[in-house]
Student: 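Have a look at this one.
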Amino acid sequence: MPSKKAATAMPRWTKAPASLVETFSTALEALPQATPRKMFGYPAAFVNGNMFAGLFQKTMVLRLAPEDRAACLTIDGAKPFEPMPGRVMKEYVVVPESMLGSPGDLARWMAKAFEFAESLAPKAGEGKGRKR
């Protein structure tokens, strides 16, 4: 019988593909106000300390306002972000492949995610010399 520790071990995460990292970096160029940094070892983008976009394994995720999230989830291939089974991050949507292949669409949705995160209360400590 497996031990409880083995049964609850964290899954191994894979690195994001270089092409996805490049797509993410290129999309961020349109948002010079964004602060890029790593989250759990993956590229991510923040505004006022709030994450609005990032990579996780082979996917890109966007943090969207409720109405934008609902609209995005109607796009074929989009789905709620669930980094671990049963752990849905309700504000985040997995970007569908079709959007990743369309720089204009991706830029529009990335801007929506930026605007949503910018509307949130700033995280404590942002802008006060915090190391990045």
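As the structure is a computational prediction, the values presented were derived from the model and not from experiment.
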Student: Compare all side-chain heavy atoms of Val94 with those of Phe56 and state whether any distance is below 4.5 angstrom.
Tutor: no

Student: Looking only at heavy atoms, what is the nearest atom pair of Asn50 and Ala117, with distance?
Tutor: ND2-O, 3.6 Å

Student: Are side-chain N/O atoms of Thr26 and Glu22 paired as donor and acceptor at under 3.5 Å?
Tutor: yes

Student: Is the backbone N or O of Leu120 less than 3.5 Å from a side-chain atom of Asn48, with the two atoms forming a donor-acceptor pair by type?
Tutor: no

Student: Taking the side chain as C-beta and beyond, is there a heavy-atom pair between Val93 and Trp109 under 4.5 Å?
Tutor: no

Student: Evaluate the side-chain proximity of Arg69 to Tyr92: yes if any heavy-atom separation is below 4.5 Å, no if none is.
Tutor: no

Student: Heavy atoms only: give me the nearest Ala27-Met110 pair and the separation to one decimal.
Tutor: CB-CE, 3.4 Å

Student: With the side chain counted from C-beta on, respond yes when Val47 and Thr35 share a heavy-atom pair under 4.5 Å apart, and no when they do not.
Tutor: no

Student: Could you tell me whether Gln57 atom CD has more than 12 heavy atoms of other residues or ligands within 6.0 Å of it?
Tutor: yes

Student: Keeping Glu115 on the side-chain end and Ser119 on the backbone end, is there a donor-acceptor pair under 3.5 Å?
Tutor: no

Student: Name every donor-acceptor pair, under 3.5 Å, that has one atom in a side chain of residues 60-67 and the other anywhere in the protein, sequence neighbours excluded.
Tutor:
residue	atom	partner	partner atom	Å
Arg63	NE	Glu91	OE1	2.7
Arg63	NH1	Met51	O	3.3
Arg63	NH2	Glu91	OE1	2.9

Student: Might you point out which heavy atoms bring Met39 and Ala44 nearest each other, and give the distance in Å?
Tutor: CB-CB, 3.9 Å

Student: Using the rule that Ile, Leu, Val, Met, Phe, Trp and Tyr join whenever any side-chain heavy atoms are under 4.5 Å apart, tell me whether Leu106 and Phe116 fall into a single cluster.
Tutor: no

Student: Considering only distance and modelled atom types, tabulate donor-acceptor pairs under 3.5 Å from the side chains of residues 73-81, sequence neighbours left out.
Tutor:
residue	atom	partner	partner atom	Å
Thr74	OG1	Ala71	O	2.6

Student: Under 3.5 Å, side chain of Ser102 to main-chain N/O of Met99, donor-acceptor pair present?
Tutor: no

Student: If I compare all heavy atoms of Ala16 with all of Tyr42, which pair ends up nearest, and what's the gap?
Tutor: N-CE2, 3.8 Å

Student: Say you draw a straight line from CZ of Phe114 to CZ of Phe46; how long is it, rounded to the nearest 0.5 Å?
Tutor: 13.0 Å

Student: Measure the CG-CZ distance between Asp68 and Arg108 for me, rounded to the nearest 0.5 Å.
Tutor: 12.5 Å

Student: Begin from the C-alpha positions of Leu20 and Leu55 and carry the test side-chain contact (heavy atoms from CB on, under 4.5 Å) through to its verdict.
Tutor: CA-CA 8 Å; Leu20 184 60; Leu55 302 183; 3.7 Å; yes

Student: Would you mind listing the cluster partners of Val88? Hydrophobic ones only (ILVMFWY), side-chain contacts under 4.5 Å, chaining allowed.
Tutor: none

Student: I need the minimum non-hydrogen distance between Gly101 and Pro103, along with the two atoms involved.
Tutor: O-CD, 3.6 Å

Student: Looking at every non-hydrogen atom in both residues, tell me the closest pair between Lys123 and Gly49 and how far apart they are.
Tutor: CG-O, 3.1 Å

